[in-house]
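One structure is given below, encoded as structure tokens.
Counting starts at 1 for both ligands and their atoms, in listed order. Small disclaimer: the values here were computed from a predicted structure and weren't measured.
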Amino acid sequence: MSLDLPATLSGASGCRTAPVLKERGQREVFCGLTGIIWLHRKMQDAFFLVVGSRTCAHLLQAAAGVMIFAEPRFGTAILEEKDLAGLADANAELDREVARLLSRRPDIKQLFLVGSCPSEVIKLDLARAAERLSGLHAPHVRVYNYSGSGIETTFTQGEDACLAAMVPTLAGTTARELLVVGALPDVVEDQCLALLAALGIGPVRMLPARRSADLPAVGANTVFALVQPFLGDTHAALTRRGARHLAAPFPFGEQGTTAWLRAIATEFGISDDVFDRVTAAPRARALKAIAAQSVELQGKSVFFFPDSQLEIPLARFLARECGMTPIEVGTPYLHDALHGPDLDLLPSGPTISEGQDVEKQLDRQRAARPDLTICGLGLANPLEAQGFTTKWAIELVFTPVHFYEQAGDLAGLFSRPLRRKALLQAGAQA
Ligand code: SF4
């Protein structure tokens, strides 16, 4: 068993105090509406109604892929030209559409009105609409509102905005409870809960909950741990409710998962013996799986374009557990309270950049010639055509990658493009 101390404590220096290259310019990112794709699967009695244009509807269809044929619990109330002329009409129309939707889908218990660029530009007051509709449809349905617009949110920030909108409405409690925050696929959530239960930690609540009846309560004795690094606003909203954040690296890879669990175990006074007994077997499995998947990654360089805010913990995982050298780690936003523990563990060296000026960043990427480039769909194929090996960042959000049992799969997501490139080259030479 090795002692896993933050790099700064073990003598090596991390990236927490490294200068950050801040850029503001043209961006190549999704808007926050995309969060609906995974949130609607997680919250089984929720419906997400985007109030937007045909562009928004097309984006959701494109991002959801085949899911749109499975009677998904999301849709778009498309603003027509006449809605733009008079806001009163737009509100009446929205009330009508919502009433029709709720009568058709009585299983819906939570309705999210999701703002978009068009609804924001015409200043449609969705917060007021949510209040009005909540009154009309209470107690059967609770109506929330948040913005997923491209003006306000980037990709995974949509989940942050959604969860932050729920926090003020959660019931109060004085119980000392652990709240785990961030949407995880059900199978991964079950693994997380099983590990915490085996450690003797409980009761544990989840935000988001699978069903509205299981929504957590929150108060001054709540401690919360985040499983996603993009939940800055939710962190702030929970803190305002008196809850306390347990700062920890995110549970990616064997080291990240161990450090995350360790922070919670320490808070709840769990002994080292119990901790080691519970984690020894899954840690060993994770290490073996990572070793098998990371052969191609050892000694290779990696360049992250900003996309999901997962970049810093993933760069930490690739550097420390897969032997990669990060050249640049771009993130759309950098929150010290959230990303700090991972920055501590990220070996010094890479440029840490926040925001984007895509042309300048492409120049740096071309000059650095990384072995692997992590980027969005819009950049991936053009870069492949220039001879670079790329990994689509969106897959990292849609694929189960947290905790011990997924650590090998996580490494595999990065090694697969390198393996494929090697196979294609070998085939071309044969
Ligand atoms: S919310 Fe804005 S950025 Fe997103 S699809 Fe609609 S118009 Fe485009």
For this session: Quick one: closest heavy-atom pair of Leu196 and Leu178, and the distance?
Result: CD1-CD2, 3.9 Å
Exercise. Any idea which of Ser147, Gly32, Cys56 brings a heavy atom closest to atom 5 (S) of ligand 1?
Worked result: Cys56
For this session: Identify the protein heavy atom lying closest to atom 1 (S) of ligand 1, giving its residue, its atom name and the separation to 0.1 Å.
Result: Cys117 N, 3.5 Å
Exercise. Is Asp214 salt-bridged to Lys109, going by a charged N under 4.0 Å from an acidic O?
Worked result: no
Seminar exercise, completed: In this structure, atom 4 (Fe) of ligand 1 is nearest to the protein heavy atom Cys31 SG, 2.3 Å
For this session: Check each atom of ligand 1 against the heavy atoms of Ser116 and keep those under 4.0 Å away; list them by number with element.
Result: 1 (S)
Problem set entry | Residue, atom name and distance, where the atom is the protein heavy atom closest to atom 8 (Fe) of ligand 1 | Thr55 CG2, 3.9 Å
Problem set entry | Note: Glu131-Arg128 ion pair, threshold 4.0 Å (strictly below) | no
Exercise. For ligand 1, which atoms have a heavy atom of Ser149 less than 4.0 angstrom away?
Worked result: 1 (S)
Exercise. Which of the atoms in ligand 1, numbered in the order shown and given with their element, are less than 4.0 Å from a heavy-atom of Gly150?
Worked result: 1 (S), 2 (Fe), 3 (S)
For this session: Take atom CZ of Arg54 as the centre, draw a 6.0 Å sphere, and report whether it contains more than 12 heavy atoms from other residues, nucleotides or ligands.
Result: no
Exercise. Hey, is Gly52 one of the residues with a heavy atom under 4.0 angstrom from ligand 1?
Worked result: no
Exercise. If you measure only the distance, is there a donor-acceptor pair under 3.5 Å linking the side chains of Glu321 and Ser294?
Worked result: no
Exercise. Strictly by modelled atom types, are Ser147 and Glu120 linked by a side-chain donor-acceptor pair under 3.5 Å?
Worked result: yes
